[in-house]
Number of protein chains: 2
Amino acid sequence: MKFSTKGRYGLKAMFDLAVNHGEGPITLKNIAHRQDISEHYLEQLIATLRRAKLVKSVRGAQGGYMLNHPPEEITVGDIIRSLEGPVGPADCVMDADSDECSNQESCVTRLVWARIQESVNDVIDTTTLADMLEDQEKMNNKKNYMFYI
Amino acid sequence: MKFSTKGRYGLKAMFDLAVNHGEGPITLKNIAHRQDISEHYLEQLIATLRRAKLVKSVRGAQGGYMLNHPPEEITVGDIIRSLEGPVGPADCVMDADSDECSNQESCVTRLVWARIQESVNDVIDTTTLADMLEDQEKMNNKKNYMFYI
DNA sequence: TGAATTCCAAGTATTTTAGTCGGAAATATT
DNA sequence: AATATTTCCGACTAAAATACTTGGAATTCA
């Protein structure tokens, strides 16, 4: 029930871009270094994010990547789903056309999976990169307060 | 972000035992057949459930498995965790001693993973096998109603 | 005694994960 | 124009996890 490194690294990278939003293109090298991710591997992930139109790129020297939308308009769900595919605890609640389970409508365990999926979706679809930036602010304020007492 | 067959088959098997609760030992063969699971594979899973004291077994001819507690007292979380280990979207929120992430307390993505974990835990820890039996009842009632109109 | 059944330990094929490798194409700077 | 920087692209790969299978020993009921 873990996300793979795709989703986990992907969110870290996107948050990094959110922190540096508005400062022109950010190189993959810098993101990879700051977030401690293999550069070549992150390249694959960001290619997926680019195809999903979550980031845009500038090629050539002084190029790099930028968010394709303001942080308020990008949810954690957008990021995770583009990298991991549909989110959920079992196939039968993820794809509409999962014929794996023969007794679709009368399956009680399916109800449980559906509740889990719903609650995860609720979190990831209501959390934006802007929310994460706010969280960061709060953390820093608290840290500074702790430092001065 | 899927559960493996361990958790999925395990819940199905436990629900099967809940349906047949109070009717003496149920053979693995029957459970495996009804739930369409490889008998030998289910054997491994139920061994884990036995060690976790969620089921008890009766050996020999006419033997089988029974719930070790009434359905009201067994949660989906008990079952899943015994088979899958700790539940959560990333290591840093699952094990207390995950040194994977160096900046534990100031990591914003970690906050997101923590929220996801909390919401999943909430579902699986508040859903018991008895709740699932109730869901089954409701489904059957609805089906019968649909049939008669 | 014999059939049914749980218990146990190993082995294995397939898939997924988490990358690596090598180079082509584009662009800014000098 | 040359060079350095950077994205883009496709193929390859080692290691781990998944989802089993195999074979047989131990236990109990009839």
Side-chain angles (χ1 to χ4, degrees), chain A residues 1-13 17 20 23-68 80 83-86 89-91 94 100, chain B residues 1-13 17 20 24-33 35-68 80 83-86 89-91 94 100:
Chain A
M1 190 61 179
K2 264 173 52 180
F3 285 125
S4 71
T5 51
K6 289 181 193 170
R8 289 184 282 128
Y9 292 176
L11 183 59
K12 283 178 89 175
L17 285 178
N20 297 105
E23 315 208 340
I26 310 295
T27 64
L28 197 64
K29 196 173 177 172
N30 281 337
I31 303 174
H33 197 257
R34 274 194 295 264
Q35 304 302 327
D36 194 33
I37 302 171
S38 147
E39 203 179 325
H40 264 297
Y41 185 48
L42 185 55
E43 195 179 296
Q44 287 178 44
L45 307 186
I46 211 154
T48 304
L49 293 168
R50 183 171 45 77
R51 285 190 289 268
K53 308 242 189 274
L54 295 178
V55 303
K56 58 188 166 192
S57 63
V58 178
R59 299 187 68 170
Q62 317 310 316
Y65 295 91
M66 293 170 282
L67 295 184
N68 198 29
I80 300 273
L83 290 163
E84 302 253 349
D91 283 329
M94 293 201 276
E100 175 177 16
Chain B
M1 191 58 179
K2 264 173 54 180
F3 286 124
S4 71
T5 51
K6 288 180 195 171
R8 290 183 281 127
Y9 293 176
L11 183 59
K12 284 178 89 175
L17 285 179
N20 298 104
I26 310 295
T27 65
L28 197 64
K29 197 173 179 173
N30 281 339
I31 303 173
H33 197 258
Q35 303 302 328
D36 194 31
I37 302 171
S38 146
E39 203 179 324
H40 265 297
Y41 186 48
L42 185 56
E43 193 179 300
Q44 286 178 42
L45 307 186
I46 211 156
T48 304
L49 293 167
R50 183 171 44 78
R51 285 189 290 267
K53 307 241 189 275
L54 295 177
V55 303
K56 58 189 166 192
S57 62
V58 178
R59 299 187 69 169
Q62 319 308 317
Y65 295 91
M66 294 170 281
L67 295 184
N68 197 28
I80 300 273
L83 290 163
E84 302 253 347
D91 282 330
M94 293 201 276
E100 174 177 15

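Protein chains get the first letters and strands the later ones, always in sequence-line order, with residue 1 at the start of each. Remember, predicted model here, so these are calculated numbers, not experimental data.
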Tell me which pairs pass salt bridge (Lys or Arg N to Asp or Glu O under 4.0 Å) where either residue lies in residues 47-60 of chain B, with sequence neighbours left out. none

Atom NE2 of B:H40 to atom P of C:dT5: distance rounded to whole Å? 14 Å

Taking atom CG of A:L42 and atom CG of A:L28, what is their separation to the nearest 0.5 Å? 4.5 Å

Which whole-number value in Å describes the distance from A:K6 NZ to C:dG19 P? 12 Å

Rounded interatomic separation in angstrom, taking CZ from A:R8 and C1' from C:dT16: 14 Å

Taking only residues two or more places apart in sequence or in another chain, which ones pass side-chain hydrogen bond (donor to acceptor under 3.5 Å, both in side chains) with B:S57? none

Under the side-chain hydrogen bond (donor to acceptor under 3.5 Å, both in side chains) rule, collect the residues that match up with A:N68, sequence neighbours excluded. none

side-chain hydrogen bond (donor to acceptor under 3.5 Å, both in side chains) filter on A:N30, not counting sequence neighbours, yields A:T27

Outermost contacting nts on DNA chain D, any atom under 4.0 Å from chain A heavy atoms, listed 5' then 3', are D:dT5 to D:dA11

Does anything in residues 41-58 of chain A reach DNA chain C, meaning a heavy atom under 4.0 Å, and if so which residues? A:Y41, A:Q44

From CZ of A:R59 over to C1' of C:dT29, roughly how many Å is that when rounded to an integer? 18 Å

Hey, mind stepping through A:Y65 and A:L49 against side chain to side chain contact (heavy atoms under 4.5 Å, CB included) and telling me if it holds? CA-CA 10 Å; A:Y65 295 91; A:L49 293 168; over 6 Å; no

Which residues pass the side chain to side chain contact (heavy atoms under 4.5 Å, CB included) test with B:Q35, sequence neighbours left out? B:K12, B:D16, B:I31, B:I37

Which residues share a side-chain hydrogen bond (donor to acceptor under 3.5 Å, both in side chains) with B:S38, sequence neighbours left out: none

Closest-nucleotide 5' rank along DNA chain C - winner of A:F3 and B:A61: B:A61

Between P of C:dT5 and CD of B:Q62, the distance in whole Å: 6 Å

Check whether any side-chain N or O of A:S38 sits under 4.0 Å from OP1 or OP2 of C:dA18, and answer yes or no. no

Between atom CD in B:E39 and atom P in C:dA4, what is the gap in whole Å? 13 Å

Holding to side chain to side chain contact (heavy atoms under 4.5 Å, CB included), I want the full list of residues that pass it with A:A61, two or more places apart in sequence or in another chain. none

